[in-house]
Enquirer: 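Following this message is one structure expressed as structure tokens.
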Amino acid sequence: MAIKKIIAANWKENPGTAKEAEALFSAVMRAAASVPSVRVVVCPPSVFIGSVGNLMRTQAGRISANFALGAQDVFWEDEGAFTGGVGPRILRGLGVRYAIIGHSERRRFFGETDEMVERKARAAREGGIVPIVCVGEPHEVRRKGIAAAKRFLAVQLRKGLKGIADPDRRGKGKELIVAYEPVWAIGSGNNDRPADAAVIAAFIKTMVPGAKVLYGGSVNEGNVREYTQSDEIDGALVGGASLKADAFKKIIHTI
Ligand code: 13P
């Protein structure tokens, strides 16, 4: 069945143990199997990717092809003296197919710049991993209106996707995902108006032709459909609600 929408779960620094991660992953896998038209990408903390990946393999027969493993970050080098680095090759070896890059929390707490985002996105793509590049404006920008938000996002997109935004250079058929996550909407319960998010998604698509656009920021089972019913929005990047198996199941089933 053709995939219509993408739901990506960003677990952030949760849960606290590998056992809990495996339990949550199993519950989500079961939920995803019954909705083959939705691609479900689960992004656990990197240290748990190995154990959830094993779980995925041992249940291979029962997993539908719509389910995929993602990482929350990827370094741009594959191997070498890069303390703490986890590059595309390591991730691919663990069965990872997607990587979130440039999340606003990485930018804020880990000092990531647009230039670093660009290197990571390029390395991921070259290493066979689909980048989910995050962009989003802070509240002081959005307060000035949608046009100001577009100007802010245009800079992030131009710098962060410099090496890969051109569809010819990107190569036909290579997937590229941009997640629009207004910073003020993340974890605040203050989700963006779906109509505004759709306008911004359309804008992102004019800047990055061929890219899919997800919306993220306080998405839950009650509001997800308002985003995914828009043609401009290809799915959602979900934080808090992806940690509750029931809520996440409802999100997958609701769309
Ligand atoms: P919340 O869904 O918790 O607002 O988080 C969104 C997010 O940052 C996903 O990457």
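Numbering of residues begins at 1 and proceeds along the displayed sequence. When a ligand or atom number is given, it counts from 1 through the structure's own listing order.
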Enquirer: Checking the side chain of Arg107 only, and the main-chain atoms of Gly102 only, is there a donor and an acceptor separated by less than 3.5 Å?
Expert: yes
Enquirer: Name the closest protein heavy atom to atom 5 (O) of ligand 1, giving the residue it belongs to and the distance to 0.1 Å.
Expert: Lys12 NZ, 3.3 Å
Enquirer: Is Gly216 close enough to touch ligand 1? Criterion: a residue heavy atom under 4.0 Å from a ligand atom.
Expert: no
Enquirer: For residues Val219 and Phe248: do they belong to one hydrophobic cluster (side chain heavy atoms under 4.5 Å, members Ile, Leu, Val, Met, Phe, Trp, Tyr)?
Expert: yes
Enquirer: If you measure only the distance, is there a donor-acceptor pair under 3.5 Å linking the side chains of Gln72 and His103?
Expert: no
Enquirer: Grouping I, L, V, M, F, W and Y whenever their side-chain heavy atoms are under 4.5 Å apart, do Val130 and Trp11 come out in a common cluster?
Expert: no
Enquirer: Determine whether any heavy atom of Ala241 lies closer than 4.0 Å to an atom of ligand 1.
Expert: no
Enquirer: Is there a path of hydrophobic side-chain contacts, each under 4.5 Å between heavy atoms of I/L/V/M/F/W/Y residues, joining Val133 to Ile204?
Expert: yes
Enquirer: Check ligand 1 against His103 and write out every atom of the ligand that is under 4.0 Å from a heavy-atom position of the residue.
Expert: 7 (C), 8 (O), 9 (C), 10 (O)
Enquirer: Going by the atom numbers of ligand 1, which of them fall below 4.0 Å from some non-hydrogen atom of Gly240?
Expert: 1 (P), 2 (O), 3 (O)
Enquirer: With heavy atoms of Ser218 as the reference, note each atom of ligand 1 found under 4.0 Å away.
Expert: 1 (P), 2 (O), 4 (O)
Enquirer: For Val238, is at least one N or O under 3.5 Å away from an N or O on ligand 1?
Expert: no
Enquirer: Please list the nearest protein heavy atom to atom 7 (C) of ligand 1 with its residue and the distance rounded to 0.1 Å.
Expert: Glu181 OE2, 3.1 Å
Enquirer: Under the 3.5 angstrom rule, does the side chain of Asn66 hit a backbone N or O of Ala32 as a donor-acceptor pair?
Expert: yes
Enquirer: Please work out, at 4.0 Å between heavy atoms, whether the side chain, the backbone, both, or neither of Asn10 comes within that distance of ligand 1.
Expert: side chain
Enquirer: Report yes or no: do Glu137 and Tyr180 form a side-chain donor-acceptor pair below 3.5 Å?
Expert: yes
Enquirer: Could you tell me which atoms of ligand 1, counted from 1 in the order shown, lie closer than 4.0 angstrom to a heavy atom of Gly187?
Expert: 1 (P), 3 (O), 4 (O)
Enquirer: Any idea which atoms of ligand 1 are less than 4.0 Å away from a heavy-atom of Leu237?
Expert: 9 (C), 10 (O)
Enquirer: Write out the residue and atom name of the closest protein heavy atom to atom 2 (O) of ligand 1, then the distance separating them to 0.1 Å.
Expert: Gly239 N, 2.9 Å
Enquirer: Gly222 and Asn220: which non-hydrogen atoms are nearest, and at how many Å?
Expert: N-OD1, 2.8 Å
